[in-house]
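The sequence lines fix the lettering, A, B, ..., with proteins before strands; numbering per chain opens at 1. For clarity, every value in this text was computed on a predicted model and none was experimentally measured.
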Amino acid sequence: MSKTLFIGLDGCTYTVLNEMTRELPDEGITMPFMKSVMEAGTRAKLASTPNPLTPPAWASIQTGRGPGHHGVFDFIRAEDKGGEIYWTLYDSRDIDCEFIWQIASRQGKKVAALNFPLTAPAPENVNGCVVPGFIPAKHLRRNTYPRELFDRMKQDIPGFDPKELAWDFDNEKQAMEKLSEEDTESWVRYHLPREEQWFRVAEYILRNDDPDLMAVMFDGTDKIQHQAWAYLDPELVPADPKPWEKRMRDVCLEYFRNLDGYIKRLVELAGPDAQVFFASDHGFTASTEVLRINAFLADKGYVKWAESDGSEQALRREASDFANLDWAGTTAYCRTPSSNGINIRVAARPGDSGVPPEQYESFREKLIDDLYSLSNEKGEPVVIDVLKREDWFPGKHMERAPDLTLVLRDHGFVSIRNFQPVVIQREVAAGTHHPDGIFMAYGPGVAASGMIERRQIVDVAPTLLHSVGLKVPKDFEGEVPAAFFSEQWLAQNPVQHGPKTKAPGERQAGEEMDEKEKQQLMEQLQMLGYME
Amino acid sequence: MNDLATPSMAPEAITAQLIATLEDFTADWDSEFEGVMNSDTKLLADLSFESIDIIQLVVAIEEDFGKRKLPFEKLLMKDGRYVDDLSIGQISDFLAQQL
């Protein structure tokens with residue numbers, strides 16, 4: 001029996017969820033259990049991080065803090081070394097805030113965190129278990145905590161297959177690529193057994209470990225929506241589908257039908273006293289055009305392309321998702337498609353390449369004007385908002401953020417390829433991240449209020465801690481949505497604020513024992529003869 | 001924290017710890033490598049590393065040696081490009097300079 005069950009649904013959006021939970025001709029109700037959840041509980045849209053992307057958004061869900069404080073902005077971490085850029089991936093150690101898994105652990109709660117991004121290496125001082133998401137199978141054992149859990153799963157879970165469960169880098173890259181009909185169907189279908197694997201892990205943990213705070217994330221929603229959005233968006237689903245389109249629709253429905261079964265089973269296993277919460281890191285919508293941002297910046301003189309020597313390595317590099325530029329000749333560029341960000345290279349010393357510090361503001365204002373001037377062939381503006389980092393990413397890690405973050409008209413991600421024209425229309429609409437995700441509550445003490453006003457992504461963490469019986473750290477940036485709970489339950493469980501979160505190095509398991517725990521410890525020590 | 005991760009480790013101890021890390025790292029891989037790892041063993045050519053594995057190895061080394069944010073770019077990049085392969089000896093020499 002858990003006190004709190006948290007189910008993450010990567011990229012889940014009401015646009016799709018509403019369709020899956022209503023009676024449709026020839027399809028019935030794809031997610032009947034989720035329908036009952038939505039009818040009996042309370043839900044809201046959930047505003048994502050300023051760049052609605054998996055790593056910063058899930059980091060905010062797990063810390064209750066924004067990217068400016070937790071320090072993660074993208075999948076890829078880039079360090080400007082003056083003459084060149086060093087590329088690597090963000091990992092859990094880059095998160096400069098305490099995880100809710102650690103906060104709950106040091107106050108005696110047992111936790112399980114399954115398939116969450118940026119939980120590898122496993123956060124320190126966890127009382128319970130972590131099986132990280134977004135980690136290749138080859139590295140899953142090493143990053144599973146406790147280490148022996150991996151072997152227990154192999155031994156005890158029938159059909160457990162790390163390769164089927166884990167993130168496959170080359171496969172997942174295809175989420176953002178244009179695939180053939182056959183490849184698209186295969187790619188979508190590939191995610192069905194992955195999700196089954198994560199469900200089996202979650203089922204196993206619930207049955208055997210009995211965590212107070214049980215959390216699992218299903219990420220097939222995001223992946224499938226990237227490639228199969230045209231078969232899920234009610235405005236795009238073909239009225240008279242071709243055989244292939246029908247098969248695509250069917251495999252998508254199969255995914256969501258399976259997901260509904262997993263959710264129902266986990267809720268049952270958590271027990272009748274568990275409060276259940278659902279959240280996604282961002283929503284989804286249709287992207288209809290592509291902006292080749294570095295090609296645009298090159299046209300304007302901000303970017304200089306690296307000379308290609310035609311070698312195999314150079315060709316591979318140019319096809320990658322990292323910007324490959326002549327750094328000395330570049331003053332403003334986009335590092336990765338997923339960042340939707342523009343970095344300005346500021347000269348560290350006089351004579352260095354880049355923008356002189358005293359010219360930074362005027363340079364940036366001109367750059368912003370240039371960005372707003374972008375339009376497509378119909379004359380429509382491509383960029384609808386340009387976010388300055390000091391306004392949108394306040395905190396000690398603001399310097400890690402792009403100087404500017406773009407919001408495109410269709411919420412799409414930019415391309416960093418060296419192609420012309422700068423803006424093109426997609427042949428087929430692709431799924432892309434929308435800033436509004438989902439946040440839902442269900443179970444004892446939860447009001448049956450239906451849809452309430454939009455919440456912020458940093459509201460998830462305080463809500464989970466409150467549900468599991470803990471005070472909300474006063475430095476959290478979010479709030480517990482009172483409207484999620486019944487008045488009676490809130491009267492018995494008022495929201496209380498407690499001490500700040502622990503900075504790295506301050507965290508010690510077992511701190512903040514309550515008086516009863518202290519008494520028990522003293523008694524045990526007396527029995528062992530350690531105290532007089 | 002690994003007890004071996006102390007300042008001024010002897011080069012032999014660094015190599016031994018690095019090999020132990022790599023053996024643990026590759027324990028359940030489908031690798032064709034059947035020999036004994038030594039300073040000449042190469043990550044890509046011998047151990048079938050891919051680029052994602054090198055990133056994970058950086059994390060593993062930092063964890064096992066108890067050091068955060070070692071300047072791996074000095075080891076991994078040369079003339080603005082990533083090196084094609086690395087031997088255990090090269091990594092060990094790099095660590096000897098940093099620890």
Side-chain angles (χ1 to χ4, degrees), chain A residues 75-94 96 120-122 124 132 134-145 147 150-151 154 162-163 166-173 306-307 309 311-314 316-317 320 322 324-328 504-505, chain B residues 1-2 5 17-33 37 42-86 91 94-95 98:
Chain A
F75 289 100
I76 292 164
R77 176 162 56 84
E79 295 172 28
D80 191 326
K81 299 293 184 179
E84 58 197 38
I85 306 290
Y86 174 62
W87 307 96
T88 186
L89 294 176
Y90 278 104
D91 61 60
S92 66
R93 302 169 303 162
D94 293 301
D96 196 23
E124 293 174 342
F134 291 73
I135 283 288
K138 293 158 85 176
H139 307 292
L140 193 59
R141 176 180 55 81
R142 200 188 153 87
N143 286 288
T144 294
Y145 177 83
R147 184 72 76 89
F150 186 83
D151 292 323
K154 284 176 72 176
K163 290 179 183 175
W167 193 61
D168 181 294
F169 187 69
D170 288 332
N171 223 325
E172 297 303 346
K173 275 184 65 181
E307 292 282 334
D309 56 21
S311 66
E312 181 182 326
Q313 190 190 62
R316 201 165 60 235
R317 185 61 185 274
S320 77
F322 315 149
N324 181 34
L325 308 171
D326 177 327
W327 302 110
Chain B
M1 193 75 61
N2 193 297
Q17 173 61 46
L18 179 58
I19 289 175
T21 297
L22 280 163
E23 285 175 346
D24 176 64
F25 198 73
T26 60
D28 43 21
W29 290 17
D30 300 330
S31 174
E32 293 178 6
F33 183 75
M37 293 184 194
K42 289 188 178 296
L43 299 185
L44 277 72
D46 297 320
L47 301 180
S48 304
F49 265 56
E50 299 166 10
S51 57
I52 188 75
D53 301 323
I54 293 178
I55 292 175
Q56 291 291 324
L57 179 63
V58 165
V59 176
I61 288 172
E62 288 180 340
E63 294 267 293
D64 287 0
F65 283 82
K67 295 285 183 177
R68 188 66 211 282
K69 298 306 178 187
L70 294 169
F72 273 96
E73 67 275 7
K74 295 179 181 177
L75 177 68
L76 296 171
M77 297 186 75
K78 192 167 186 180
D79 299 327
R81 309 173 82 183
Y82 285 82
V83 297
D84 290 333
D85 206 341
L86 285 170
I91 301 171
F94 165 80
L95 292 173
Q98 306 300 325

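The contact between A:Arg141 and chain B is made entirely by side chain atoms (from C-beta outward), counting heavy-atom distances below 4.5 Å. Heavy atoms closer than 4.5 Å to chain A are found nowhere in B:Ile54, neither backbone nor side chain. Contact of A:Lys154 with chain B is not made at all, since no heavy-atom distance falls under 4.5 Å.
B:Met37 is not listed as a side-chain neighbour of B:Leu18, based on a closest heavy-atom distance of 4.5 Å or more. Taking 4.5 Å as the limit, every side-chain heavy atom of A:Glu307 sits out of range of all side-chain heavy atoms of A:Asp326.
To the nearest 0.5 Å, the span separating CD on B:Glu62 from CG on B:Leu57 amounts to 10.0 Å. Once rounded to the nearest 0.5 Å, the distance linking OH of A:Tyr90 with CZ of A:Arg77 reads 7.0 Å.
The main-chain N or O of B:Leu76 is never found under 3.5 Å from a side-chain atom of A:Tyr86 such that the two would form a donor-acceptor pair.
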* A:Asp94 and B:Lys69: CA distance, side-chain angles, deciding distance, salt bridge (Lys or Arg N to Asp or Glu O under 4.0 Å) verdict -> CA-CA 10 Å; A:Asp94 293 301; B:Lys69 298 306 178 187; 2.9 Å; yes
* Asked: Does the pair A:Phe150 and B:Asp28 meet the rule for a side chain to side chain contact (heavy atoms under 4.5 Å, CB included), with working shown?
  -> CA-CA 12 Å; A:Phe150 186 83; B:Asp28 43 21; 4.1 Å; yes
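A salt bridge links A:Arg142 to B:Asp64: one of the charged nitrogens lies within less than 4.0 Å of a carboxylate oxygen.
Interface with chain A: from residues 44-53 of chain B, residues B:Ser48, B:Glu50, B:Ile52, B:Asp53 qualify, criterion being any non-hydrogen pair under 4.5 Å.
Put simply, of A:Pro162, A:Ala137, A:Pro121, the one with the most heavy-atom pairs under 4.5 Å next to chain B is A:Pro121.
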